[in-house]
Asks: 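Quick one: this structure, given as structure tokens, is what I'll be asking you about.
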Amino acid sequence: MKRKDASSEYKWDFSHLYQNDQQWKKDLKLMVEKAEEYQLFQNRLKQKEVFFRYLALERELEIILDKMMMYLHDGDTDTANQNFQELEGLLDNECQKITIATAFIEPELKEVGEETIMIFLNSDPEYSRYQYGFKKFFENAKHLLTKHDEELLSKVGKSRGAIHALYDTLASADRRDEEVVYQNKQQILTQSLMAEIAEDTDPIQEQAYRLEVATIFNKNYTDHKHSFASIYEGILQGDVETVQIRNYESTLQASLSDDAVPVATYLKLLAVGKKYHQGLHEYVQLVKEHFEMEKFYLSDYSLKLVKNYDRKFNVEEAKTIIRAALKIMGEEYIQKLEIAWSNNKIDYYEDTNKRHGAYSTGGSGLDPIILMNWDDKLGSVNTLAHEIGHSVHTLFADQTQPYPLNNYPIIVAEVASTINEHLLFDYMYQHAAHDDEKIYLLQHRIKDLIGTFTTQIQYSAFEYQAHQLVENDQPLTADILGKLFAQTRAEYGYDVFDQEPDTQGLTYVWPYISHFFHSPYYVYKYAIDVVASFKLYQDIQAGNTQTTLNFLKAGGCQEPMKIMLDAGIDFTQEATYLPLIKAIDAYLQELKILLKK
């Protein structure tokens with residue numbers, strides 16, 4: 001798959017960061033030289049002037065590192081480019097050395113003590129903004145080890161982390177292109193072609209073909225199921241070792257501790273998802289009955305209910321629609337929006353070896369950037385609205401909050417992005433030209449909400465139980481993980497699908513979810529945040545945009561759950577989840593009415 005012939009403004013341009021790799025390497029050298037100053041702090045952090053210099057150096061190095069990291073993102077446009085792999089390796093090596101050299105800092109700060117540190121910070125208004133971060137630090141300080149042990153852990157950090165790179169190599173760089181015959185042409189089975197086949201083929205006549213193509217699409221995961229299982233087991237074993245070394249209660253508690261999210265909140269989410277998955281059942285039954293299908297497999301899930309509507313969107317059309325949909329947020333928001341998608345801030349189009357999916361990322365003193373894989377479908381419009389929400393959130397936080405309080409945690413990030421999805425749907429549905437367009441939009445909306453809520457909770461249950469197996473010294477084989485994934489699917493509503501032939505209910509496609517490997521206990525945040533964003537969306541519809549703007553401007557100024565509570569969102573109450581669940585049901589009823597016309 002070759003990149004579409006696109007204007008230069010639709011591609012990333014990092015020349016404002018570095019003109020070439022040599023300039024990048026000069027900053028690497030500068031970072032290394034500056035980091036040598038850390039050694040001057042050892043056994044001296046109890047002195048206020050030394051402590052303040054330590055904070056200033058941290059900031060200086062973060063600015064350099066963020067700039068270097070953003071430049072390396074260009075490697076995501078071609079994951080087989082060994083040049084970027086080499087640069088990333090150089091950076092990893094130096095960061096590992098710095099990590100080892102600074103292993104003394106946190107234990108020493110712990111020895112200095114919270115009372116002394118707070119006196120330092122209160123004595124100078126310039127440094128008072130660090131109080132929240134150090135409050136969190138001392139809350140978690142009981143999990144710090146001695147200087148010697150922290151240094152020892154740092155020294156083995158590189159080898160312990162190498163297993164994550166194995167996943168990327170197996171899932172992307174070493175993935176072989178598979179081909180299928182579609183519309184009488186031999187074609188490479190890209191993600192966008194897979195989506196087209198899943199949506200547009202004949203419901204009954206081409207059901208077996210959809211099954212076959214889905215099998216081919218997942219061939220890399222199935223063929224290497226044992227390797228993926230071994231990699232995942234290694235990652236989870238590392239997580240469990242860390243928990244034991246640092247004396248956490250569990251991998252879940254350790255993972256949630258950074259955001260101060262109670263374990264009970266995670267388990268509450270799993271319980272609510274298991275109780276309220278009727279939307280998935282009703283949707284599947286609706287599509288199955290509409291097409292009068294005898295069997296309905298997971299590969300049939302994306303079938304479009306209207307065949308005579310297939311609207312395409314180019315980038316500029318999508319931006320016009322999104323701009324209009326978000327106008328309700330006010331001029332201040334729209335100004336940030338225009339910055340976020342200005343020229344060269346977004347790399348739009350699919351390409352050979354380009355990382356799949358989409359993301360927004362930023363850095364100190366840098367405007368955020370977005371990676372996409374544009375395919376002219378509604379999904380791409382929705383993805384752009386989603387990712388631009390992240391970028392606008394970053395711009396608001398950077399403008400409003402001083403460093404380091406501008407750095408908001410991921411758990412609040414997905415609220416900003418999914419608010420945009422709610423508003424985009426409203427705008428497009430209100431401006432739909434005919435019933436077929438409304439059906440198309442409603443179907444997409446229902447699938448998105450189910451995917452963000454029910455499916456992500458199922459993923460969360462899977463990884464929670466996988467971690468528990470390792471914590472209880474149970475092995476993780478390909479079949480054990482396949483059965484566990486199938487079991488959690490059934491518990492969260494996927495039992496509505498017919499069992500695919502010759503699978504015995506086993507599925508090995510779970511490695512497609514890269515978060516399992518790179519960010520354990522991450523996906524629950526999608527489900528939590530779509531609940532929160534739906535509440536804020538209802539506020540906006542009622543004329544209250546200020547609560548949302550305040551949320552975006554809060555950055556990371558306090559604990560995430562407190563930021564949520566300030567916006568009127570309490571995840572300990574089941575009632576908090578019900579508006580979203582009821583909305584899915586209302587959309588389903590509306591879809592049924594339209595289909596009967």
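Note that the structure is a prediction, hence the values are computed from the model and not measured.
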Asks: Going by the side-chain contact (heavy atoms from CB on, under 4.5 Å) test, name the single residue among Ile321, Asp376, Thr320 that passes it with Phe313.
Replies: Ile321

Asks: Name all residues meeting the ring-ring contact (aromatic ring centres under 6.0 Å, His included) criterion together with Phe517; count only those two or more places apart in sequence or in a different chain, and write none if there are none.
Replies: Tyr167, Tyr232, Trp510

Asks: Checking Lys447 now: which residues fulfil salt bridge (charged side-chain N to carboxylate O under 4.0 Å, His left out) with it, not counting sequence neighbours?
Replies: none

Asks: Okay, side chain of His390, backbone of Ala413: is any donor-acceptor separation there less than 3.5 Å?
Replies: yes

Asks: Can you list everything that forms a side-chain hydrogen bond (donor to acceptor under 3.5 Å, both in side chains) with Thr547? Sequence neighbours excluded, please.
Replies: Asn544

Asks: Could you go through Lys553 and Glu332, starting from their C-alpha distance and side-chain angles, then the distance that decides it, and tell me whether this counts as salt bridge (charged side-chain N to carboxylate O under 4.0 Å, His left out)?
Replies: CA-CA 12 Å; Lys553 293 175 180 180; Glu332 189 179 11; 3.1 Å; yes

Asks: Around atom CD of Gln589, are there more than 12 heavy atoms of other residues, nucleotides or ligands at under 6.0 Å?
Replies: yes

Asks: Going by the rule ring-ring contact (aromatic ring centres under 6.0 Å, His included), which residues pair with Phe551 if we only count those two or more places apart in sequence or in a different chain?
Replies: none

Asks: Using the benzene-type ring in the case of Trp, are the ring centres of His444 and Tyr429 under 6.0 Å apart?
Replies: no

Asks: Of the options Tyr524, Tyr526, Tyr459, which is the one that meets His515 in a ring-ring contact (aromatic ring centres under 6.0 Å, His included)?
Replies: Tyr526

Asks: Taking the six-membered ring for Trp, are Phe516 and Phe462 parallel (under 30°), tilted (30 to 60°) or perpendicular (over 60°)?
Replies: tilted

Asks: Under 4.0 Å between a side-chain nitrogen and a carboxylate oxygen: does that hold for Asp223 and Lys219?
Replies: yes

Asks: Report yes if the side chains of Lys11 and Tyr349 come closer than 4.5 Å at any heavy-atom pair, otherwise no.
Replies: no

Asks: Please determine which of Leu269, Val523, Val415 meets the side-chain contact (heavy atoms from CB on, under 4.5 Å) test together with Ile528.
Replies: Leu269

Asks: Does atom CD of Gln186 have more than 12 heavy-atom neighbours, drawn from other residues, nucleotides or ligands, at distances under 6.0 Å?
Replies: yes

Asks: To the nearest 0.5 Å, what is the distance between CG (Asp479) and CG (Leu484)?
Replies: 12.5 Å

Asks: Salt bridge or not between Lys597 and Asp435? Use side-chain N to carboxylate O under 4.0 Å.
Replies: yes

Asks: So, are Glu350 and Arg355 salt-bridged, with charged N and O less than 4.0 Å apart?
Replies: no

Asks: Could you check whether any side-chain N or O of Asn420 sits under 3.5 Å from a backbone N or O of Ala385, counting only pairs where one atom can act as donor and the other as acceptor?
Replies: yes

Asks: Any chance the side chains of Asn550 and Gln546 put a donor and an acceptor closer than 3.5 Å?
Replies: yes

Asks: May I ask you to decide if Glu317's main-chain N or O and Asn314's side chain share a donor-acceptor pair within less than 3.5 Å?
Replies: yes

Asks: Under the criterion side-chain hydrogen bond (donor to acceptor under 3.5 Å, both in side chains), I'd like the reasoning laid out for Thr394 against Tyr408: C-alpha separation, chi angles, the key distance, then a yes or no.
Replies: CA-CA 8 Å; Thr394 298; Tyr408 55 84; 2.6 Å; yes

Asks: Check whether NZ of the Lys or CZ of the Arg Arg323 lies under 6.0 Å from the centre of the six-membered ring of Tyr333 and within 45 degrees of that ring's axis.
Replies: no

Asks: Might you work through the side-chain hydrogen bond (donor to acceptor under 3.5 Å, both in side chains) test for Asp347 and Thr77, ending with a clear yes or no?
Replies: CA-CA 8 Å; Asp347 198 278; Thr77 63; 5.5 Å; no

Asks: Would you say the side-chain atoms of Asp529 pair up with the backbone N or O of Glu414, donor to acceptor, closer than 3.5 Å?
Replies: yes

Asks: Other residues, nucleotides and ligands only: do more than 12 of their heavy atoms fall within 6.0 Å of NZ on Lys312?
Replies: yes

Asks: side-chain hydrogen bond (donor to acceptor under 3.5 Å, both in side chains) with Tyr587: which residues, sequence neighbours excluded?
Replies: Arg445

Asks: Any ion pair linking Asp539 and Lys535 (charged N to carboxylate O, less than 4.0 Å)?
Replies: yes

Asks: Any carboxylate oxygen within less than 4.0 angstrom of a Lys/Arg side-chain nitrogen, looking at Glu294 and Lys288?
Replies: no

Asks: Decide yes or no on side-chain hydrogen bond (donor to acceptor under 3.5 Å, both in side chains) for Tyr522 and Gln456, but give the supporting numbers first.
Replies: CA-CA 10 Å; Tyr522 179 103; Gln456 300 301 330; over 6 Å; no

Asks: Examine Tyr521 together with His467 and report whether their ring centres are nearer than 6.0 Å.
Replies: yes

Asks: Take Gln278 and Ile584, measure what side chain to side chain contact (heavy atoms under 4.5 Å, CB included) needs, and give me the verdict at the end.
Replies: CA-CA 10 Å; Gln278 72 272 15; Ile584 293 172; over 6 Å; no

Asks: Taking only residues two or more places apart in sequence or in another chain, which ones pass side-chain hydrogen bond (donor to acceptor under 3.5 Å, both in side chains) with Ser360?
Replies: Ser391

Asks: Is it the case that the side chain of Lys354 and the backbone of Met372 share a donor-acceptor pair, with hydrogens and angles ignored and the cut-off at 3.5 Å?
Replies: yes

Asks: Does anything in residues 298-308 form a salt bridge (charged side-chain N to carboxylate O under 4.0 Å, His left out)? List the pairs, not counting sequence neighbours.
Replies: Asp200-Lys304, Arg210-Asp300, Lys304-Asp310

Asks: Is a side-chain N or O of Asp259 found less than 3.5 angstrom from the main chain of Val261, in a donor-acceptor match?
Replies: no

Asks: Taking ring-ring contact (aromatic ring centres under 6.0 Å, His included) as the test, write out the residues that go with Tyr492, two or more places apart.
Replies: none

Asks: Measure the spacing between OG1 of Thr79 and CG of Asp168 and express it to the nearest 0.5 Å.
Replies: 8.5 Å

Asks: Under the salt bridge (charged side-chain N to carboxylate O under 4.0 Å, His left out) definition, can you give me all pairs with a residue in residues 579-592, not counting sequence neighbours?
Replies: Glu282-Lys592

Asks: Which residues pass the side-chain hydrogen bond (donor to acceptor under 3.5 Å, both in side chains) test with Glu421, not counting sequence neighbours?
Replies: Asn382, His386

Asks: Would you compute the distance between atom CG of Asp498 and atom CE of Met293 and round it to the nearest 0.5 angstrom?
Replies: 9.0 Å

Asks: According to salt bridge (charged side-chain N to carboxylate O under 4.0 Å, His left out), who are the partners of Lys336, at least two apart in sequence or on a separate chain?
Replies: none

Asks: Apply the test side-chain hydrogen bond (donor to acceptor under 3.5 Å, both in side chains) to residues Tyr348 and Asn373: give CA-CA distance (whole Å), side-chain angles for both, the deciding distance (0.1 Å), then the verdict.
Replies: CA-CA 6 Å; Tyr348 282 98; Asn373 282 274; over 6 Å; no

Asks: Within this structure, what is the CG-CD distance for the pair Asp448 and Gln443, rounded to the nearest 0.5 Å?
Replies: 10.5 Å

Asks: Say you draw a straight line from NZ of Lys268 to OG1 of Thr576; how long is it, rounded to the nearest 0.5 Å?
Replies: 9.0 Å

Asks: Could you work out, with ring-ring contact (aromatic ring centres under 6.0 Å, His included) as the rule, every residue matching Tyr359, not counting sequence neighbours?
Replies: His73

Asks: Out of curiosity, Leu337 CG to Lys319 NZ, how far, rounded to the nearest 0.5 Å?
Replies: 8.5 Å

Asks: Are Tyr297 and Tyr301, when compared by the centres of their aromatic rings, separated by less than 6.0 Å?
Replies: no

